[in-house]
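Every chain is numbered from 1 and lettered A, B, ... according to where its sequence line falls, protein lines coming before strand lines.
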Amino acid sequence: MANPPHDTMPPTLSSQYDPHAIEQMLFDSWMAGHYFEQDAAESKATGQASYVVSIPPPNVTGSLHMGHALNNTIQDALIRYHRMAGRPTRWVLGTDHAGIATQNKVEQKLAKEGKTRFDVGRDRFIELCWEWRDEYGSTIVEQLKRMGCSCDYTHEWFTMDEHYQKAVRTTFVEWFERGLIYRGNRIINWCPRCTTALSDIEVEHEDADGSLWHIRYELDEPTTLPDGTTMTHAVVATTRPETMLGDVAIAVHPSDKRYKGLVGTTATLPLVGRKLTIVADEYVDPEFGTGMVKITPAHDANDFEIGERHQLEQVKVLTDTGTIVDEEPYAAYAGLDRYEARKAIVRDLEAGGYLVEIEEHAHAVGHCYRCHTIIEPYLSEQWFVDMKPLAAPAIEAVRDGRVKIHPQRWEQVYFHWMENIRDWCISRQLWWGHRIPVFYCDACDEMMASMTDITVCPKCDGPVRQDEDVLDTWFSSQLWPFATLGWPDDTPELDYFYPTSTLSTARDILFLWVARMIMSSMDLLDGKIPFSDVIIHPTVFNKEGKRMSKSLGTGVDPLDLMADYGADAMRFGLMLQVTGVQDLKFDDEKLLSSRNFANKIWNASRFVLMNIEDGASALPDSAHPTSLANLSIADRWILSRLANLTETVTRGLEAFQFGEVARALYEFFWSEFCDWYIEFAKGRLQGDDSADRAQVQQTLVFVLDNALRLLHPFMPFLTDEIWKTLPREAHDEALAQSIMVAPWPNAAEFTHLIDPDAEHAIERIKAVVTAARAVRARYGLSPRTELTAMVNASKTDAELLGKNTALITSLGRLESLAAYEGLEKPAQASVTVAAGLEIYIPLDALVDFDAERTKLEKERTKTATDLERYERKLANEGFLAKAAPEIIEKDRAIAAELTEVLTRIDEQLTELG
RNA sequence: GCGCGAUUAGCUCAGUUGGUAGAGCACUUGCUCGACACGCAAGGGGUCACAAGUUCAAGUCUUGUAUCGCGCACCA
């Protein structure tokens, strides 16, 4: 029986690839198989090094966006690769309590009932936050499952878990006791909508068109200046006229000769009547404006510092919600919002003749990164971390390569920030979060940080109260990689899985999160780094290159994409676009190609399966060819390409070059395996030579098997579904359970498959086939038209072609093939010169001399241009003297070949007349 | 102001120690032949932003210019 029956196709692979028919079932089978879980103690006993990824914990308020889709595909690809490569892996999963974001959501919910958090009270409000988390917190985890992410779902963390709270509190108390955490009354960034302090890096600056109001402040005593003129008033400029209510001084530069006599005198603040001292301070730029600056210590960070230097009063004129305080002598503005107050004050200044000029002025305005409200520099008592001592070792760890950041250019961004690091404001005036474990005794003024809640002052037995504030969410996030492994306790997980391996994240949290993890880990865990590699992945923008935004409707929902294309196609499409340099302008088109690719893999697999039905090739995993001697040239070629692919993919994953890996997989599977090898295989599968048929079947299965493994980290569902249908011998049944536990193809074990001779040979075979197809296309000949190919080739090439006549005639749809050295051009034939061959396709009366001439002339031009370049190069003495010998040799060979090609083309042209 | 990145085919982008410019989509032409029309085959299309420099040799290295994008820091 020469042909296997075609109606016994395995029922498991339907004729059309439908991702939705397989994804959920496969995921359930992975969970049931516990493939995502690795026990720390058992793994340690194997003596193997672990591979661990801590997921950047998504906010409980969040849902999956394109950045998550990209980042989690990267992490899953790495985890799956290392798992197959035999390392005990864990992908640590969890979510972040997201203080401000969650509090805002719950407040919005309350607002719909007409309530504020103050109506329900602190305890109830926190309960509501937990309820929110219980309701929505699992959304994103379910979405990760949908993507096929192989996280350890049996150990899911939350940054407000009891154990996590212990880690946070331990950190606070330790740093407090070492004096790294301190309290201070300073200007911080205040969000008047969230009514909380923010750290410097939680403020987003945006350029805005504003105005510069020039205001006239009357001097109390007219003063004669060094230039002889008499000055009666000062003119100061401000972008924030409403803060003038809090002015306490005017500053000039100490070396500004113009105003020498002025320092020490006073002026009167319009509308308020306060006496302003004129002080000299280096901060003032004499070149800017009039060289005179109004000083508002309570509402501007620079003014605050000037105020400190000159012991100036701090007059707060704004409340925590950004309205004017109800105090004399400006009670007229009391309760006005800062922008209403601005209008009113400008109006009153103008009416009083104090407004000199309004100038247009562009400047950067800070916004809250959570609600986008304009930030107010605000004087208040807050907790800070002294960062310099923490930063120093963390700088060193990146400097000496213990922690590597990819792409490497981000390291200098890291250094720049770390070397100029400022103290971190960690207190937040919120309710949802880790409450600051500091207790105050009102009786004796004692202040203490404590691991346990205390109610009685240990010093004086007086009543104590806990600090009302909570910690910055990032204070807890910074502990993520080690707190999620059990720190501060000594656990087997911390022992075996820490430090973790790779952290993949978006660039906008390099400072907020990544740098702080390095700092806290090194400080709290005896200098241990939290991870050895940091991947800063591209930012996903929309098609127009704009930031994706849910509120603007410019976002793309990964769930929609998976519904349209399948999870594998979305993953592969994203990986295709990861280059390490460019950000990613997301376009569905790439997913369409990837969906088509998935379908291609599916159908090529169907082809293989339906052609091994005669049972000759149930292939054990160990069956990879050890001897190439008996293999056909096509088999040797595809195995050589597979060996090459294995090397490329493995190296690429190790170097985080995901785009390169994806392209290599695509190219190999589609252009080499499907377009050529499977086509070569077809004739052999239908031939009478049963030994050859067995050989091609084995090779098909072997290559498909390994290609699926290499594809698996990017396309987990599809590859596993196909994997399960591959024939196996009985002892390989464990392997058949899932491709997830199949060993990663070992490039070192494939080196013997690399076969330059076979690659050379296939190049010649392809040239003949392509020439025949091209003639057919050029002449518009139907596939049924019978053609013959006659090839003038070197002796070895001619022999090679002769041996593979069947392959060539089959793919080129040729009647026959003749190849020998010195073959003369038949009359009325089309000519192709390629791969060192002269290929003639006799056309009899069909031949179109003009068309042939046009084609040959075009080839001649190209060849002549190329040859000229090489000849020039080879005539250059400098080149001959300095270029590497192998380059010269190679170029000589190319030049010789081009010369020959040109000669042949010219001969053909002469003949055509 | 300081720093980073980009500029390659109509579009979106690859191009890893400097050595004959690539892919996907789009376009043209022809194909129901038993894996796949989510396909097959054959084609067309590029002074690698510009200018100097280094080099035997530059898309690739250096410097400068232009345009776009992004950080950081901001003088009221």
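- Separating the C1' atom of B/C36 from that of B/A21 is a span of 31 Å, rounded to the nearest Å.
- Checking A/Ala598 against A/Asp866, the closest nucleotide of RNA chain B that is more toward the 5' end is the one next to A/Asp866.
- The P atoms of B/U54 and B/G22 are separated by 29 Å, rounded to the nearest whole Å.
- Residue A/Arg409 places no side-chain atom within donor-acceptor reach of the base of B/C4, judged by atom type and a 3.5 Å distance cut-off alone.
- Figure legend. B/G18 is base-paired to no nucleotide; pairs are counted as Watson-Crick or G-U wobble with both atom distances under 3.5 Å.
- Residue contacts shown for A/Arg663 are limited to sugar-phosphate atoms, with no base heavy atom under 4.0 Å away.
- Nucleic acid contact class of A/Asp207 (heavy atoms, under 4.0 Å, all strands): base.
- In this entry the distance linking CD of A/Gln412 with C1' of B/G5 reads 11 Å, nearest Å.
- A/Arg651 has its CZ atom 12 Å from the C1' atom of B/U17, to the nearest Å.
- A straight line from CD of A/Glu204 to P of B/A73 spans 12 Å, rounded to a whole angstrom.
- Within the nucleic acid shown, A/Arg872 has no heavy atom closer than 4.0 Å to any nucleic acid atom.
- Residue A/Asn876 is classed as a sugar-phosphate contact, given heavy-atom separations below 4.0 Å to backbone atoms only.
- When both pairing distances are held under 3.5 Å, B/C25 makes a Watson-Crick or G-U pair with B/G10.
- No side-chain heavy atom of A/Phe304 sits under 4.5 Å from any side-chain heavy atom of A/Ile295.
- OP1 or OP2 of B/A76 has not a single side-chain nitrogen or oxygen of A/Thr238 nearer than 4.0 Å.
- Rounded to a whole angstrom, the distance from the C1' atom of B/G5 to that of B/U17 is 22 Å.
- Rounded to whole Å, the distance from CZ on A/Arg778 to P on B/U28 is 21 Å.
- Candidate nucleotides B/G24, B/A35, B/A73 were compared by shortest atom distance to the side chain of A/Glu589, and B/G24 ranks first.
- Counted within 6.0 Å of CD on A/Glu886, heavy atoms from surrounding residues, nucleotides or ligands total more than 12; the atom is thus considered enclosed.
- Side chain A/Lys590 to base B/A23: no donor-acceptor pair is found below 3.5 Å.
- RNA chain B is contacted by both A/Asp587 and A/Arg422; A/Asp587 maps to the nucleotide lying nearer its 5′ end (nearest heavy atom per residue).
- Counting only heavy atoms from C-beta outward, the side chains of A/Thr238 and A/Lys294 approach each other to under 4.5 Å.
- Spacing between B/U7 and B/G15 at atom P, rounded to whole Å, works out to 10 Å.
- One interatomic measurement links the two molecules: OH of A/Tyr666 to C1' of B/C13, which rounds to 14 Å at whole-angstrom precision.
- Judged by Watson-Crick or G-U wobble contacts below 3.5 Å, the nucleotide B/C68 has B/G5 as its partner.
- For the pair A/Lys682 and A/Phe607, the cation-pi test (distance below 6.0 Å, angle within 45°) is passed.
- Look at A/Lys585 and you'll find a side-chain N or O under 4.0 angstrom from OP1 or OP2 of B/C13.
- At the heavy-atom level, A/Trp670 lies under 4.0 Å from the strands shown only through sugar-phosphate atoms.
- The base of B/C36 is not paired with the side chain of A/Arg606 by any donor and acceptor separated by under 3.5 Å.
- A distance of about 37 Å separates the C1' atoms of B/A49 and B/C38, rounded to the whole Å.
- Within a 6.0 Å sphere centred on CD of A/Glu206, heavy atoms belonging to other residues, nucleotides or ligands number more than 12.
- Sparse packing is recorded around CG of A/Asp209, with 12 or fewer heavy atoms of other residues, nucleotides or ligands lying under 6.0 Å away.
- Within the nucleic acid shown, A/Phe597 has no heavy atom closer than 4.0 Å to any nucleic acid atom.
- For the pair A/Arg813 and B/A41, the criterion of a side-chain N or O lying under 4.0 Å from OP1 or OP2 is not met.
- Side-chain contact between A/Asp247 and A/Leu276: present, with at least one pair of heavy atoms (C-beta onward) separated by less than 4.5 Å.
- Side-chain atoms of A/Arg595 lie closest to B/C38 of the nucleotides B/C38, B/A76, B/A35.
- Here the nucleotide nearest the side chain of A/Lys890, chosen from B/A76, B/G19, B/A41, is B/G19.
- Residue contacts for A/Ile678: at a heavy-atom cut-off of 4.0 Å it reaches a base atom on one of the strands shown.
- Within 4.0 Å (heavy atoms only), A/Ser605 reaches no atom of the nucleic acid at all.
- With rounding to whole Å, A/Glu886 atom CD is found 14 Å from B/G18 atom P.
- In this structure, of B/G5, B/U20, B/U16, it is B/U16 that holds the atom nearest to the side chain of A/Glu660.
- No side-chain heavy atom of A/Glu721 sits less than 4.5 Å from a side-chain heavy atom of A/Phe717.
- For B/U47, there is no paired nucleotide, since no Watson-Crick or G-U wobble pair has both relevant distances below 3.5 Å.
- One can place CZ of A/Arg776 at 12 Å from C1' of B/G30, the figure rounded to the nearest angstrom.
- Taking only side-chain nitrogens and oxygens, A/His361 comes nearer than 4.0 Å to OP1 or OP2 of B/A76.
- Among the protein residues, A/Lys682 comes within range of the nucleic acid bases, having at least one heavy atom under 4.0 Å from a base atom.
- Nucleotide B/A76 forms a pair with no other nucleotide shown, judged by Watson-Crick or G-U wobble geometry with both contacts under 3.5 Å.
- Of the listed nucleotides (B/A14, B/C70, B/A21), B/C70 has the atom at the smallest distance from the side chain of A/Arg507.
- Comparing the P positions of B/G46 and B/C11 gives an interatomic distance of 13 Å, to the nearest angstrom.
- Not a single donor-acceptor contact under 3.5 angstrom links the side-chain atoms of A/Glu667 to the base of B/A14.
- As judged by a 4.0 angstrom heavy-atom cut-off over every strand, A/Asp675 is placed among residues touching the sugar-phosphate backbone only.
- Side chain of A/Ala774, nearest nucleotide from B/A76, B/A42, B/A35: B/A42.
- Comparing atom distances between the A/Asn603 side chain and each of B/A42, B/C74, B/C36 picks out B/C36 as nearest.
- In this entry B/U62 has B/A52 as its Watson-Crick or G-U wobble partner, both defining distances falling under 3.5 Å.
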Could you go through the salt bridge (Lys or Arg N to Asp or Glu O under 4.0 Å) check for A/Arg507 and A/Asp583 one step at a time? CA-CA 11 Å; A/Arg507 61 162 172 261; A/Asp583 281 327; 2.9 Å; yes

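- Per the geometry, CD belonging to A/Gln657 stands 19 Å off P belonging to B/C13, to the nearest Å.
- Note on A/Lys546: every side-chain N or O is 4.0 Å or more away from OP1 and OP2 of B/G69.
- Checking the phosphate oxygens (OP1, OP2) of B/G39, a side-chain nitrogen or oxygen of A/Asn596 falls inside 4.0 Å.
- If you check every strand for non-hydrogen atoms under 4.0 Å, A/Val775 touches nothing.
- At least one side-chain heavy atom of A/Leu574 sits less than 4.5 Å from a side-chain heavy atom of A/Phe586.
- Spacing between B/A41 and B/U32 at atom C1', rounded to whole Å, works out to 14 Å.
- Separation of the P atoms belonging to B/C48 and B/U8 is 11 Å when rounded to the nearest angstrom.
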